[in-house]
Each structure stands twice: as structure tokens, then as C-alpha cells.
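What you see is a predicted model; the values in this text were computed from it and never measured. Heavy atoms only: backbone and side chains are in, while hydrogens, waters and symmetry mates are out. Throughout, protein chains are lettered first and strands after them, A, B, ... in sequence-line order, and every chain is numbered starting at 1.
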Number of protein chains: 2
Amino acid sequence: MFSKACEYGIRATLFVAEQSAKGKRTGVKEIAKQTDSPEAFTAKILQTLVKSQILVSVKGPSGGFEIDKASLDKITLMNLVKAIDGDNIYNGCGLGLKECNSKHPCPVHDHFVSIRDDLKKMLSSTTLSQLINDLENGYTVLKR
Amino acid sequence: MFSKACEYGIRATLFVAEQSAKGKRTGVKEIAKQTDSPEAFTAKILQTLVKSQILVSVKGPSGGFEIDKASLDKITLMNLVKAIDGDNIYNGCGLGLKECNSKHPCPVHDHFVSIRDDLKKMLSSTTLSQLINDLENGYTVLKR
DNA sequence: AATATTTCGGACAAATATATCCTTTATTAA
DNA sequence: TTAATAAAGGATATATTTGTCCGAAATATT
């Protein structure tokens, strides 16, 4: 479904979001530990997310990553996925054809339409706020 | 969504199925050409599909690949995907956690449930017969 | 000002996926 | 029986993804 980079990226962002909601800033080391992800690789992905203006980074002692509280319910899973994996997930053809669309469909095009639409809808309507709510409850987890 | 191998594999299988329905056997060269796929790589994938008993191969002159007509409406997309990509697509966790399930869910688990179920349902209920029907009509295409 | 901390950026390394090539094996047809 | 044909299988090449390492830049603390 998603690349490893995207899986790590979503997990990292959720951890940062959770901490930011508490007013805490957090660094790569802690993020990697709490999301059970490779540290150096996670650092790269965090850089990408900063460039995409999803995260804010601060260098130096007591630096780290944070998310503007106001954007917690503006940023969606779709924003993360696009920033890391691009938009192939909901634009690409199921069988890899270049010019597949409803006028010129591949054999599985119609079968995938509603599934892809549902996925797209879910990704673009699910915000960080919603997701960290379950995390704070302890209902969901970021590792294991 | 699927690997390249799986995309080529599905396209190849559909072409073989279409030909088999007409009583024709077809070789790698023709399959690769008609599905716009790399020939040698396609050959490898066809081997996998033969080992998985989805296709039948015949060596020598006038040899090639075919599908038992009786199995055209028994073999589903799910069978192809499992044979080539394994079952990670509908067993794996959206965020890559090892022990993600309804008792111990990752933050996106519940959000993915219905989408994954729909995908699984679609893959396991769509047969080769159904797919080649649209192909024969010219309603769907295998390349471009 | 000096030092320690932390992200940034580039180069590099390893693993996996994609893709090709060539020899062997089976089979058909002449 | 020989020659031609086509898949099988192994070795190898290339590309992409995943992952690491290290010096540079920024910044807070002393």
C-alpha cells in the first residue's frame, strides 16, 4: 500500500503531533524510538516533511520537530502521503497503463473505481487531530 | 498498489485467458507484445504462474501458455495477486506494524478496515471470465 | 566567545525489485 | 534421428528503495 518511508513518516508525524498537542517539541532520537523506526532514515523523512511545510524544525539544543497546533486539524493523511509517496496512489492505473481512464479503461478500471474513491475520501478527510485523539486515549499505538 | 511484476502478470494472464477462450495457445513473445511488457521479465512471471498452477505451459514448437477453460471462472484476481505479490496486500498493517489488529490497532487500522475488506471482496470475486468478457467486447484494453 | 546540541545535506552502502541474457531441457516436425 | 522451437532455470545487470554515516550549519546554554 504505502512505502516504508511513508509508513515511518505517518508514524513519526503522529508522534510529533501528539507531543505538539501537549506543547512539547521532540527530536529524531525520541521519535525513532517511540515509533520503532530506523533513526537516520526517519531523519531524512522528517526533512521531507519540513520542506513540505507539514512539520516545523528547530535546530540546536532543545530543538527538534513540532507541528503548529492550528494545523492539527487541517493536515490530513492525504497531505502526508502526497508529500512522501506522491500522488500515484490515487491517480495511477491498477494495471500500470499510462492512458487508463473511464473512456479507455484497463480491465480492472471499473472494479477499482469505488475502492480508490473510498480510499481517497478516507485519506483526505482524516486529520491528525482525529488520529491523535485515539492515541492519547491509548486506544491506538504507534509501535509493535 | 501492486508491484510491476503483478501488473504484468495480470495483463499477461488476461491475454492468455482471452486466447485460451478462443482455443489458442500463445507464447512469451506474443504475450509481451500484446501487453506492452518486457519480454524476459514477463517470462519469469509466467514461470511463477505455472508453478502456482494458474497457467499451463507446453514446451517446444507450437508450445506456449494456456489456461484450462474450466478454470476461467474459478481463477480470481486474488489468486493472481497472491501468487505474485503474496498476501501482504490484505493481511499487512497500513502503517507496517507487526501486531496490528482490532484488539491492538495502529492509528489507521479502523479507517482502513472497510476499504481493505472491499478490496479483498472485489479481488476474490472477480474472475478471469468476467474480465475477458469486457476485453473481447473491446470495452477494455491491455496496453497504452 | 566557546561548547554542546540538534537539524541539514550530501555521499555512500545494502537490500530489494526490475530486467536481461544465455544455457539447458522438452517437444514437435521434418 | 536431426533440427528447430519454445519454456525453464540460473547467472548477471540495472534501478529503486531503504538505510547509514559524517561534516556543515544553526542555535541555545554556559
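- Side-chain contact of B:Tyr139 with A:Asp110: a donor-acceptor pair under 3.5 Å is present, judged by distance alone.
- Rounded to whole Å, the distance from CG on A:Leu49 to C1' on C:dT7 is 14 Å.
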Original post:
For B:Glu66 and B:Arg25, what are the C-alpha separation, side-chain angles and deciding distance, and is it a salt bridge (charged side-chain N to carboxylate O under 4.0 Å, His left out)?
Top reply: CA-CA 5 Å; B:Glu66 60 191 24; B:Arg25 186 183 289 161; 2.9 Å; yes
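- Judged purely by distance below 3.5 Å, without hydrogens or angles, the side chains of B:Thr127 and B:Asp73 never pair a donor atom with an acceptor atom.
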**OP:** Can you check each nucleotide of nucleotides 15-26 of chain C against protein heavy atoms at under 4.0 Å and return B for base, S for sugar-phosphate only, - for none, in 5' to 3' order?
**Re:** ---SBB----BB
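- OP1 or OP2 of C:dC8 lies within a sub-4.0 Å distance of a side-chain N or O belonging to A:Ser57.
- Toward the 5' end of DNA chain D, the nearer of the two residues B:Lys51 and B:Gly63, judged by each one's closest nucleotide, is B:Gly63.
- For B:Asn79 and B:Thr76, the side-chain atoms include at least one donor-acceptor pair closer than 3.5 Å.
- For the pair A:Arg25 CZ and D:dA26 P, the interatomic distance rounds to 17 Å; values are reported in whole Å.
- Membership of the apolar cluster around B:Leu97 extends to A:Val141, as traced through chained side-chain contacts below 4.5 Å between ILVMFWY residues.
- The nearest whole Å value for the distance from the NZ atom in B:Lys29 to the C1' atom in D:dA7 is 13 Å.
- Atom-to-atom, CG of A:Leu46 to C1' of D:dG19 comes out at 14 Å; the value is rounded to the nearest Å.
- Listed by chain and number, the residues in a side-chain contact (heavy atoms from CB on, under 4.5 Å) with A:Asn91 are A:Asp87 (sequence neighbours excluded).
- Between the CD1 atom of A:Ile45 and the P atom of D:dT20 there is a distance of 11 Å, rounded to whole Å.
- Phosphate contact (OP1/OP2 of D:dG9, side-chain N/O of B:Gln47, threshold under 4.0 Å): present.
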